[in-house]
2 protein chains.
Amino acid sequence: MRTAETAGKASRTLSSRPGLRERKKQRTRDALLRSALELFTTQGYERTTVDEIAEAVDVSPRTFFRYFGGKEDAALAVHGMAEEHFVASLRARPPEEPPLEALRRAVLESWDTISDAVVAVVPVELFLRMFRVIESTPVLLAAYLRRSAETEEQIARLLAEREGLDVDADPRPRLAVAVFGAVMRVTTRQWSADENGGLEAIRELAAAHLDQVGPALTGNWRTPARS
Amino acid sequence: MRTAETAGKASRTLSSRPGLRERKKQRTRDALLRSALELFTTQGYERTTVDEIAEAVDVSPRTFFRYFGGKEDAALAVHGMAEEHFVASLRARPPEEPPLEALRRAVLESWDTISDAVVAVVPVELFLRMFRVIESTPVLLAAYLRRSAETEEQIARLLAEREGLDVDADPRPRLAVAVFGAVMRVTTRQWSADENGGLEAIRELAAAHLDQVGPALTGNWRTPARS
DNA sequence: AAGCTAATGACAGTCACTGACAATCGACAA
DNA sequence: TTGTCGATTGTCAGTGACTGTCATTAGCTT
């Protein structure tokens, strides 16, 4: 449809585009994802059929399944990117940093820069709305928790390596990461329950909760606390 | 089929049975559950169809869905009982006990007495085998994690009430419970990964892990640790 | 322009699950 | 014992997610 560019076959030049075929695929995928999220957030996840999504993008339902493992996959795709973004932040942490400090800094940092990593595909606002849909749709919440568990395993291995430990011999990496993940889940959960919609809000909540874990575990809850 | 008992209508006498109809229902349910677990643990969850389960008990597939919300429900039914058993143990704890202490004692105690609560329906061995199937089947693991999350919410409210706190105002109950749940999940996970099959093993692992959480959070992993 | 390969659409089939209706079986009273 | 009533069940039809297969199409290569 476009005029054939002179660099038609130069798909492997240093900086340029990956060829029409690839671009088309990318566009289809993005369109499917955006339509899916749009429908999920407006009609609800359960009330949206794959046929609807496919129709909105004008492809066959079969094609949808060639791009996504299933409805769930599409619904969690963006969150998946966010997790990858976080893992990347974590990897970038200096190795001297103690593990939990690294985790803490990595989350806060990744929430600060999440827009950059996501906006390319879907608007932030859609991302945030989808987050609530996940939290309020049983099947999605389940799938989400499982994915988080997988990511935690990955992180545990990462930190163990960093500290020169064997994950299977020393339970501390998995324990620490599991605890950290638990705190983050309480955080995002409360955030999605509250009516606030900001990215800053979740950042603050995360910091506050991480500060509270220690005290919360001492068990002396008669001491005053802040929300 | 039986001779009509003289106490036919006396279904409400102090100790006696709940009437033929109820007994029959109970038997059907138990049979369905046992067949389901048996098939799940031998063929695998995904490779077992509802039709198969129903056929094994000689009822229509439709009937299966009258007793269970779905395949998942049947697969997680026993674990659900175990969780209820734990919550019951927790409720029975003296109110002066600090929350985390109560949690710790309740798990250990409930693992000690789990057989009593479960054996009535399915053999312990089947229960343990099913645990591994759950851990190794993505869909089931997801559903399992979601249920655990629900139970955690319930426990958080319980502890908050015990301590005279408002769960929505003070994050500590949810945080503490989430952390506790995380530790328990690491525990059961490692237990199901190892080849050991004992109930004592999981008890010891739980105790060991709970002792390790504190140290694991300090972040100074250069200190020696035991597996 | 022709040939190759990857992406797509069309189609048939499986399986989980649901609603509706008719047949059946236990509970209870006459 | 018999008959009515309500609960349990089986049958059937339908929806929706997902998969395998195969023919068609469309970008890429020479």
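The sequence lines fix the lettering, A, B, ..., with proteins before strands; numbering per chain opens at 1. The analysis underlying the following values was restricted to heavy atoms, covering all of them including side chains, and did not include hydrogens, waters or symmetry mates. Just so it is clear, the structure is predicted and the values come from calculations on it, not from any experiment.
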Less than 4.0 Å between a side-chain N and a carboxylate O, is that true for [Y] and [X]?
X        : Y        : result
A/Arg147 : A/Glu150 : no
A/Arg157 : A/Glu161 : no
A/Arg185 : A/Glu152 : yes

Under 4.0 angstrom between [X] side-chain N/O and [N] OP1 or OP2:
X       : N      : result
A/Tyr67 : C/dA7  : no
A/Thr63 : C/dG9  : yes
A/Lys71 : D/dC18 : no
B/Lys24 : C/dG26 : yes

Nearest-Å distance for atom pair [atom1]/[atom2], residues [X] and [N]:
X       : N      : atom1 : atom2 : value
B/Phe64 : D/dT11 : CZ    : P     : 17 Å
B/Ile53 : C/dC15 : CD1   : P     : 13 Å
A/Phe65 : C/dC15 : CZ    : P     : 17 Å
B/Phe68 : C/dA16 : CZ    : C1'   : 16 Å
B/Leu39 : C/dA16 : CG    : P     : 12 Å
B/Leu32 : D/dG10 : CG    : P     : 10 Å
A/Glu46 : C/dC17 : CD    : C1'   : 12 Å
A/Phe40 : D/dA17 : CZ    : P     : 9 Å

Using the side-chain contact (heavy atoms from CB on, under 4.5 Å) rule, pick out the option among B/Thr41, B/Leu199, B/Val78 that qualifies with B/Leu128.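 The passing option is B/Leu199.
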Do you know which of A/Leu32, A/Leu37, A/Asp30 makes side-chain contact (heavy atoms from CB on, under 4.5 Å) with A/Arg34?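 Checked A/Leu32, A/Leu37, A/Asp30 against A/Arg34; only one passes side-chain contact (heavy atoms from CB on, under 4.5 Å): A/Asp30.
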Residue whose nearest DNA chain C nucleotide is more 5′ - B/Glu22 or B/Asp51: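 By nearest-heavy-atom nucleotide position, the 5'-most residue is B/Asp51.
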B/Trp111 and B/Phe127 aromatic ring geometry - parallel, tilted or perpendicular at 30°/60° bounds: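 If you compare the ring of B/Phe127 with that of B/Trp111, the planes turn out tilted.
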Which heavy-atom pair separates B/His209 from B/Val183 by the least distance, and what is that distance?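 Scanning both residues, the minimum pair turns out to be CB-CG1, 3.9 Å.
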Nearest heavy-atom neighbours spanning B/Leu90 and B/Leu158: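 Scanning both residues completely, I find the closest heavy atoms to be CD2-CD2, 3.5 Å.
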Which parts of residues 134-149 of chain B get close to DNA chain C, meaning a heavy atom less than 4.0 angstrom away?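 Correct list: empty, so none.
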By nearest atom, which of the nucleotides [options] is closest to the [X] side chain?
X       : options                : result
B/Arg66 : C/dG9, D/dT9, D/dA17   : D/dT9
B/Ser60 : D/dT11, D/dA17, C/dT18 : D/dT11
A/Thr28 : D/dT9, C/dT8, C/dC17   : C/dT8
A/Arg21 : C/dA10, D/dC28, D/dG10 : D/dC28

Taking donor-acceptor contacts at under 3.5 Å, does the side chain of B/Arg62 reach the base of C/dG19?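 Checked by distance alone, the answer is yes.
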N/O donor-acceptor pair, side chain A/Arg23 with base D/dG27, under 3.5 angstrom: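 Under the 3.5 Å cut-off, the side chain and the base do not form any donor-acceptor pair.
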